[in-house]
Amino acid sequence: MEELIVELGSRSYPIYIGAGLLTCAELLTKHIKSKQVLVVTNTTVAPLYLQQLLNNLQSYNVEQIVLPDGEQYKTLDTVSLIFDQLLAKRFSRNATLIALGGGVIGDMGGFAAACYQRGMAFLQIPTTLLAQVDSSVGGKTGVNHPLGKNMIGAFYQPQCVIADADVLDTLDDRQLSAGIAEVIKYGLIRDISFFEWLEENITALLARDKVALAYAIKQSCINKAEIVGEDETESGIRATLNLGHTFGHAIETGMGYGEYLHGEAVAIGMCQAADLSRRMGWLNDADVTRIIALLTAANLPVIPPPQLAAEQFLQLMAVDKKNVDGQIRVILLEKIGLATLPMGVDSKLILETLMAYGKSNTAVN
Ligand code: NAD
Ligand code: GLY
């Protein structure tokens, strides 16, 4: 088992990465300080892993809530179901919530924990690759709004993250690729040698080679933990984790939540960000081609949905947490392995990317 630490002073916490961790009772008892425990999961994950987890919680008073599965349920209404359960079962503020599932469950479970009686402890047990390498780490919690992705939320850190690589065996290939999009993101924004490693090992990752997957999870979590430790509430460098997200969130909102997986939308968004970075004079054609090639090799989409017209895209991008005084801000690449958040990007250039990139082929004219 690997143990990494997210360094946040008195709120520091470990990320455990390894095989078979779901059956490791000591990890749970080490981080659960209460008698009452609520496990939050969904209809897909519950039949797969809930019982395994419950077997390790026999000395606690455990309740469970099984939520509907899907990005379209990442709403305040669904989070209210968690509050209903906590209140109906008389949960005290010192109780512990365990989020068992992908990023949707982790974000909602964490948000419920942040709000319930102004804050209860919570543990993240991420069960998708995306959640293990990104969403479970760093304390961003929340829900979507019909007008914008992740618009309602709180920064609220878990007591620990337990990433059991074995649970990825049941993840389908499309979800695996969606997680790889966020893995590639780390290479692009700050880790050129990881990017090169990914170019060489993408086939092994898609084939679920255990050693390759373990390395990718660890390297991603190292990058994420460093960034979060430096800038917990995104006043600076943490924004670079949003590479591709301004475009990607517009795709998710514009197409209807759940139509494109988050990782898929981010993959397309990273291509658009690469195209825009080229227009800024930072990346060259070969860099953009290289980025598109790796995402394509990961079986990810790289072309934006043709239904989203440039004007609608722009309007959707105007609802983004990075925007300042109504001006759209986009994470770009100065080079592969180095991201930047320019104060202002000429909206004419953004429009050019929206009009040109992916319209006839992946060429960037
Ligand atoms: P998800 O939670 O919807 O999970 C994807 C699918 O896989 C779901 O159907 C889920 O039930 C299923 N699943 C989960 N674990 C499984 C397993 N082991 N075997 C089989 N099926 C399994 O999606 P996701 O990709 O995990 O997360 C995406 C969400 O995370 C988005 O809402 C996104 O906004 C959010 N996110 C948050 C952060 C953050 O920092 N908080 C970062 C990135 C993404
Ligand atoms: N996934 C973006 C962040 O954690 O900041």
Side-chain angles (χ1 to χ4, degrees), residues 6 22 40-50 52-53 66-75 78 99-111 114 124-144 148-158 161 163-183 185-186 189 220-221 223-225 227-228 230-246 248-249 251-253 257-258 260-267 321-322 331 339:
V6 183
L22 208 54
V40 179
T41 187
N42 73 20
T43 48
T44 304
V45 178
L48 294 169
Y49 301 112
L50 181 57
Q52 269 187 60
L53 178 62
V66 180
L67 298 172
D69 183 10
E71 185 73 39
Q72 66 275 32
Y73 295 107
K74 190 175 156 183
T75 61
T78 310
L100 173 72
V104 169
I105 286 295
D107 282 13
M108 285 198 294
F111 186 51
Q124 287 274 20
I125 307 190
T127 61
T128 62
L129 179 62
L130 186 140
Q132 294 189 352
V133 299
D134 193 352
S135 63
S136 65
V137 177
K140 276 192 181 175
T141 73
V143 296
N144 301 326
K149 175 91 180 136
N150 294 336
M151 279 295 140
I152 320 292
F155 286 102
Y156 194 66
Q157 302 295 342
V161 177
D164 181 344
D166 283 349
V167 302
L168 302 182
D169 290 347
T170 52
L171 204 61
D172 69 34
D173 289 344
R174 186 178 169 200
Q175 297 289 353
L176 186 78
S177 287
I180 292 175
E182 300 279 21
V183 173
K185 175 187 77 180
Y186 294 111
I189 62 172
S220 300
C221 287
N223 275 296
K224 177 114 193 211
I227 292 176
V228 171
E230 220 175 292
D231 178 23
E232 181 184 10
T233 54
E234 199 169 305
S235 52
I237 192 169
R238 184 163 183 171
T240 61
L241 288 168
N242 271 287
L243 177 71
H245 284 58
T246 309
H249 285 168
I251 293 170
E252 288 186 85
T253 309
Y257 297 124
Y260 279 73
L261 301 181
H262 176 71
E264 292 173 340
V266 166
K321 294 186 291 304
K322 290 181 298 305
I331 306 299

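Note that ligands are numbered from 1 as they come in the structure, with each ligand's atoms numbered from 1 the same way.
- Under the 3.5 Å distance criterion, the side-chain polar atoms of Thr78 are matched with a main-chain donor or acceptor of Tyr73.
- For atom 4 (O) of ligand 2, the closest non-hydrogen atom on the protein side is Lys224 NZ, 2.6 Å.
- Gln124 CD to Thr141 OG1: the interatomic distance, rounded to the nearest 0.5 Å, is 9.0 Å.
- Distances from atom 12 (C) of ligand 1 to the heavy atoms of Val137, Asp107, Thr44 put Thr44 nearest.
- Looking from atom 15 (N) of ligand 1 to the surrounding protein, the closest heavy atom is Thr127 OG1, 2.7 Å.
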_Pair Lys74-Asp107, side chain to side chain contact (heavy atoms under 4.5 Å, CB included): steps then yes or no_ = CA-CA 8 Å; Lys74 190 175 156 183; Asp107 282 13; 2.8 Å; yes
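- Protein heavy atom closest to atom 38 (C) of ligand 1, with residue, atom name and distance, is Ser135 CB, 3.2 Å.
- Contact annotation for Val45 and ligand 1: only side-chain heavy atoms (C-beta onward) come within less than 4.0 Å of the ligand.
- Residue Leu100 holds its CG atom at 5.5 Å from CG of Leu53, rounded to the nearest 0.5 Å.
- When hydrogens are left out, the protein atom nearest atom 4 (O) of ligand 1 is Thr128 CG2, 3.6 Å; that is the closest non-hydrogen contact.
- The backbone and the side chain of Lys140 each have at least one atom closer than 4.0 Å to an atom of ligand 1 (non-hydrogen atoms only).
- Rounded to the nearest 0.5 angstrom, Glu252 CD and Tyr260 OH are separated by 11.5 Å.
- The protein heavy atom nearest to atom 1 (N) of ligand 2 is Asp134 OD1, 3.1 Å.
- The ligand atoms of ligand 1 that sit less than 4.0 angstrom from a heavy atom of Asp134 are 42 (C), 43 (C).
- Looking at atom 1 (P) of ligand 1, its nearest protein heavy atom turns out to be Val104 CG2, 3.8 Å.
- For Ser235, the side chain to side chain donor-acceptor pair (under 3.5 Å) partners at least two apart in sequence or on another chain are Asp231.
- Residue contacts with ligand 1 for Asn42 involve side-chain atoms from C-beta outward but no N, CA, C or O (heavy atoms, distance under 4.0 Å).
- Counting heavy atoms from C-beta outward, Ile189 and Ile227 have side chains that approach closer than 4.5 Å.
- The protein non-hydrogen atom at the shortest distance from atom 28 (C) of ligand 1 is Leu130 CD2, 3.8 Å.
- Between His249 and His262, the two ring planes are tilted [angle within 30° to 60°].
- Nearest protein heavy-atom contact of atom 34 (O) of ligand 1 is Lys149 NZ, 2.8 Å.
- If you look at Thr141 next to ligand 1, there are no close heavy atoms at all, none under 4.0 Å.
- Contact analysis leaves Glu252 out of contact with ligand 1, as no non-hydrogen atom separation drops below 4.0 angstrom.
- In this structure, Gln132 contributes its side chain and Asp164 its backbone to a donor-acceptor pair below 3.5 Å.
- The protein atom (non-hydrogen) at minimum distance from atom 9 (O) of ligand 1 is Asp69 OD2, 2.6 Å.
- Within the structure, the closest approach of Lys224 to ligand 1 falls below 4.0 Å when heavy atoms are considered.
- Looking at atom 22 (C) of ligand 1, its nearest protein heavy atom turns out to be Leu171 CD1, 3.7 Å.
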